[in-house]
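Read through the structure below, which is laid out as structure tokens, and then see the notes.
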There are 2 protein chains.
Amino acid sequence: MMRGMRTNTQDEILNAAQALAQQRGFNAFSYADISAAIGIRKASIHYHFPSKEDLELALLLRYVEQFDEALLAIDQSADPPALKLRRYGELYRRTLSLGAICLCGMMASDIAALPAMLRAPLAEFFVTQTNWLGGVLEAGRRNGEFVFAGDSVLRARSVLASLQGGLIVARALQDAALFDALVDDLLAGIGHR
Amino acid sequence: MMRGMRTNTQDEILNAAQALAQQRGFNAFSYADISAAIGIRKASIHYHFPSKEDLELALLLRYVEQFDEALLAIDQSADPPALKLRRYGELYRRTLSLGAICLCGMMASDIAALPAMLRAPLAEFFVTQTNWLGGVLEAGRRNGEFVFAGDSVLRARSVLASLQGGLIVARALQDAALFDALVDDLLAGIGHR
DNA sequence: GTCTATAAACTGATAGAC
DNA sequence: GTCTATCAGTTTATAGAC
């Protein structure tokens, strides 16, 4: 047994909790909901995650980890920047099909009710994303694919904010095409033809 | 006494509830919080708003009403489209200073936990906003201020989504300048120089 | 590790006096 | 209209048997 390996139960709990959190928000589901979803008693969930704050932190750290891996996969391709951007958009787009939004977008929208312990890692997620996006934007500008003025990381912050908002509004209007059109508009906005 | 006029208490309750909802989210505050905020007993709040769903609906309808008035005020000016867009952005920007986001953006992010009764009026808010924004975009394109391709109302949906996401991300990073830069980028994206 | 049982606090909500 | 008092249900969390 590998050190640091998660048990199946822990993963099942996290999977169920993540789906609930991305769909309803972290303040709109309970240990009872997870219990019902995976067929385990509430007390058993507390064994793995003593407090809800522990659960929320584990959820966030795992999400960040998974997202970092997805960025790495895109980086390891030889895709041109515009395609990398589209693949990045698809990471978010997939959640829409599940009636969910980005876990970090959800946590950010509820930030005033978020345990203080989670604020730094949450902010770090957004910084990581904007730095990565900024690199892609800069590479595209350098090879002539993109045309835009100003700092690429600053621009990346607008791109990230747009994607996060796109998920929320598209889901509210039950219109995933809104999100697809948003990605097109983002590319058009940075001069991609 | 005018018919349909709200009592002071009702307004105080709605004011407190709105601040709490825009800061924490509707599922992260209780009647006890309102009670503490304005110095009234919980039972008295139930007298004005029997159920929390009643309160949430009243909150949404009043917000829509206030927003419509703000749009009208912008319309009645002779400002050029680009300035109208900036004034629209300022409507959102103001909430940031209060540590809040758009009430409808908040409700949209929690939509899976939202009472079914509120979904239609919430969607209507977004439709109203995009129609209004589409008109401004179209006017700007016609007078040469803006340059962009495609349907102006579709484009307006991207603009609205960006603003909503901008509020959420800017607040999470405690950096209101992110939102200001986003507005600039939106204008640049529709060809405004 | 999972269970039953239970606790303590909080939630939305109601009854009835003033 | 506002209050006190109270309710039933839910929430997070713990104790202890298996």
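We name chains A, B, ... by the order of the sequence lines, and we start the count at 1 in each one.
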Compare all side-chain heavy atoms of B/Phe67 with those of B/Thr128 and state whether any distance is below 4.5 angstrom. no

Which part of the nucleic acid, if any, lies within contact of B/Phe29, taking any heavy atom under 4.0 Å across all strands shown: a base, the sugar-phosphate backbone alone, or nothing? sugar-phosphate

Roughly how many Å is it from CG in A/Asn8 to P in C/dG1, rounded to a whole number? 11 Å

Options D/dA13, D/dC3, C/dT2, nucleotide nearest the side-chain atoms of A/His48: C/dT2

Between B/Asp184 and B/Arg86 (salt bridge meaning N to carboxylate O under 4.0 Å), is one present in this structure? yes

Is it true that A/Glu138 and A/Arg141 have a side-chain N and a carboxylate O under 4.0 angstrom from each other? yes

Rounded distance in Å - CD1 (A/Ile38) to C1' (C/dT2): 12 Å

Between P of C/dG1 and CD1 of A/Ile45, the distance in whole Å: 15 Å

Assert: residue with more 5' nearest nucleotide on DNA chain C, out of A/Ser44 and B/Phe26, is A/Ser44

Can you check the B/Glu12 CD to D/dT2 C1' distance for me, whole Å? 13 Å

Atom CG of B/Leu20 and atom P of C/dT11 are separated, to the nearest Å, by 12 Å

side-chain contact (heavy atoms from CB on, under 4.5 Å), paired with A/Leu85, selected from A/Leu133, A/Leu163, A/Val183, A/Ile74: A/Leu133

Minimum-distance nucleotide (side-chain atoms of A/Arg41 versus C/dT11, D/dT12, C/dC3): C/dC3

Nearest to the side chain of B/Lys42, which nucleotide is it out of C/dT11, D/dT12, C/dT2? C/dT11

Side chain of A/Ser30 only, heavy atoms from C-beta on: which candidate in D/dC3, D/dT12, C/dG12 is closest? D/dT12

B/Tyr31 OH to D/dG9 P, in whole Å, measures 19 Å

Specify the residue among A/Ser51 and B/Gly39 whose closest nucleotide of DNA chain D lies further upstream toward the 5′ end. B/Gly39

Rounded to whole Å, how long is the line connecting atom CD1 of A/Ile34 with atom C1' of D/dT12? 12 Å

State whether A/Arg62 and A/Glu65 are salt-bridged, where the test is any N-O pair (Lys NZ or Arg NE/NH1/NH2 against Asp/Glu carboxylate O) under 4.0 Å. no

Of the nucleotides D/dT12, C/dT11, C/dT14, which has the atom closest to the A/Lys52 side chain? D/dT12

Looking at B/Thr9, I'd like to know whether one of its side-chain N or O atoms comes within less than 4.0 Å of OP1 or OP2 on D/dG1. no

Taking the side chain of B/His46 as heavy atoms from C-beta outward, which of C/dA13, D/dT2, C/dC3 is closest to it? C/dA13

Taking only N and O in the side chain of B/Tyr47, is any of them less than 4.0 Å away from OP1 or OP2 of D/dG1? yes

Calculate the interatomic distance between A/Asp54 atom CG and D/dT12 atom P; express it in whole Å. 13 Å

